[in-house]
Amino acid sequence: MASQVTCEHRLNVRWLGCDGDANTGKDDESEVNVAATVHFLTVNLLFENYLHSLKIQSNGMSTYLVPDQNTCHQPTSITGENQIPTEEEQAYKKLDEKLKSLLATLPKDKGWRSANIYLHEGFWLSPQVIKGLLMINNYFHAQSTDIFLAAFMKCGTTWLKALMFATTNRHRYSFSDHPLRRNGPQSAFPFLDTHIFLDYPITKFEHLPSPRMFATHFAHSLLPTSMSSPTSTCKFVYVCRDPKDALISKWHFMSKLRSKELPPLSFNEAYELFCNGVSEYGPFWDHVLGYWKASQESPEKILFLKYEDMKKETSVELKKLAAFMGMPFSAEEEKRGVVAEIVKLCSFENLSNLEVNNEGGGAQKFTAQVAVENRDFFRKGKVGDWKNYLTEEMRERIDSITETKFKNSGLTLGLTKEA
Ligand code: A3P
């Protein structure tokens, strides 16, 4: 039964979260009513029980690896637990009120996964991640050794997670019996945007071994100065991708997650929204440009990578990544084939074929109600799949937006060496 996590099941599960998430197709403002109502607790418990019955949880669901202890950390959530909230937890709950009043003031448009997304400080976000952002800004304390993996959606987060985890922990594990093989890259480290409210209290993050690593999709300008200021010593690895491939990948991914209560998002509609910047965490171009400019100002703080370069010369880019993280490969390690082992371990072919990344292998919990199967993070893993979807006119329009937006920035997308 564990392997029977069908699309139908997923959609039903998400439907259960009718007042905690917009998968219902109801207006997103209902998302903020997450406060512990009896109804919500029931829904949440049903959800947990449901997942349990599918044995997803035992497969690394909503966990991340804690290398020093060689275990998986199991986040706990304030919702769905019969415990008296701490002062810290009560403070988080107050954010729901703040979120509610904030949403009432923001412009909204069509979401790709949920009914609506909101324009907050120049970027389109779902209510759940706006809540995450408020929490990051209020409660998250960046440490000087933190490393953040940042990217627009579908630009290579999964791949980079695996590479960063394998590189950082290369002295701890043998490649043949590596935790990535059992748990998959999604478990490598927390996705800050939503783990911040899934994982009460935030101070739990303080116990993670150094360097702590977190993934985020938030735009650079949205992050607190403790993370983004050039004077803070924490680092960012940013990975970008040709927007045409990011669009195709995102449309496939979001179509899988979209509520069946909502009409499907046609490709033409997604294309139009994407070009207008209306897509979760978008506009794509502003996202990329923000990190690009910051990386130009502080190259020691932000490493700017491109998916296309990584596909072409993975070892070269991996060596750059390791050096940037302060753990360069020694000549002896290279001779022993460590770089090649990491490249192989983290390759699309290897990761996408692991049991944990196949049907019934496991899922990631993103909010109390939204779980995404591990296998949905793997599709084709190729450069240029857009050619199978975009007409010449569509390609021209996206390329011309890119050209206009990036004019005089020094940034070109696609392969660096052919630019
Ligand atoms: P496609 O949909 O084009 O195949 P993210 O991890 O940011 O969500 O991005 C997902 C995209 O990266 C998907 O692209 C997925 O197939 C691809 N991907 C996942 N793991 C990869 C890997 N190890 N190497 C290369 N691409 C990978």
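When a ligand or atom number is given, it counts from 1 through the structure's own listing order. We use all heavy atoms of the structure for the numbers below, so side chains are in, but hydrogens, waters and symmetry mates are not.
The shortest N or O to N or O distance between K311 and ligand 1 is not below 3.5 Å. Backbone and side-chain nitrogen or oxygen atoms of L351 are examined, and none is located within less than 3.5 angstrom of a nitrogen or oxygen of ligand 1.
In terms of protein heavy atoms, atom 6 (O) of ligand 1 is closest to T158 OG1, 2.5 Å. The nearest protein atom to atom 22 (C) of ligand 1, hydrogens excluded, is given as W159 CG, 3.5 Å; this is a heavy-atom distance. Closest protein heavy atom to atom 16 (O) of ligand 1: R379 N, 2.9 Å. Looking at atom 18 (N) of ligand 1, its nearest protein heavy atom turns out to be F348 CD1, 4.0 Å. Among protein heavy atoms, atom 7 (O) of ligand 1 sits closest to T157 N, 2.8 Å. Regarding atom 15 (C) of ligand 1, its nearest protein heavy-atom neighbour is F377 O, 3.3 Å.
Salt bridge D146/K235: absent, no basic N to carboxylate O contact under 4.0 Å. With respect to R395 and D399, a salt bridge is recorded, a charged nitrogen being found less than 4.0 Å from a carboxylate O. The pair D242-K306 fails the salt-bridge criterion, with no side-chain N (NZ, NE, NH1 or NH2) lying under 4.0 Å from an Asp/Glu carboxylate O.
Under a 4.0 angstrom heavy-atom cut-off, H252 registers as lying outside contact with ligand 1.
Considering A151, S347, C155, S249 only, the shortest heavy-atom separation from atom 13 (C) of ligand 1 involves S249. Taking each of K154, R241, K382 in turn, the one with a heavy atom nearest to atom 3 (O) of ligand 1 proves to be R241. Of the listed options F152, F378, Y307, W251, F378 places a heavy atom closest to atom 20 (N) of ligand 1.
Figure legend: K108 and Y118 shown without cation-pi pairing, the cationic atom not lying both under 6.0 angstrom from the six-membered ring centre and within 45 degrees of its axis. A cation-pi contact, defined as under 6.0 Å to the ring centre and within 45° of the axis, links K161 to F189.
The one candidate from Q186, Q364, E359, E355 that meets the side-chain hydrogen bond (donor to acceptor under 3.5 Å, both in side chains) condition with N374 is Q364.
Close contacts of ligand 1 with G381, meaning ligand atoms under 4.0 Å from a residue heavy atom, involve 1 (P), 4 (O), 16 (O), 26 (N). Contact atoms of ligand 1 toward C346: 23 (N) (distance under 4.0 Å to a heavy atom of the residue). Counting atoms of ligand 1 from 1 in the listed order, those under 4.0 Å from a heavy atom of G156 are 5 (P), 6 (O), 7 (O), 9 (O).
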Side-chain donor-acceptor contacts of residues 332-339 below 3.5 Å, not counting sequence neighbours, with atom names and distances?
| residue | atom | partner | partner atom | Å |
| --- | --- | --- | --- | --- |
| E332 | OE2 | R336 | NE | 2.8 |
| E333 | OE1 | R170 | NE | 3.4 |
| E333 | OE1 | R170 | NH2 | 3.1 |
| E333 | OE1 | S330 | N | 3.0 |
| E333 | OE2 | R170 | NE | 2.7 |
| E334 | OE1 | K319 | NZ | 3.2 |

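With a 4.5 Å cut-off on side-chain heavy atoms, D109 and L119 do not count as touching. With contacts defined as side-chain heavy-atom distances shorter than 4.5 Å, the pair L354/R182 does not qualify.
Taking the six-membered ring where the residue is Trp, F148 and F214 present parallel rings, their angle staying beneath 30° rather than reaching 60°.
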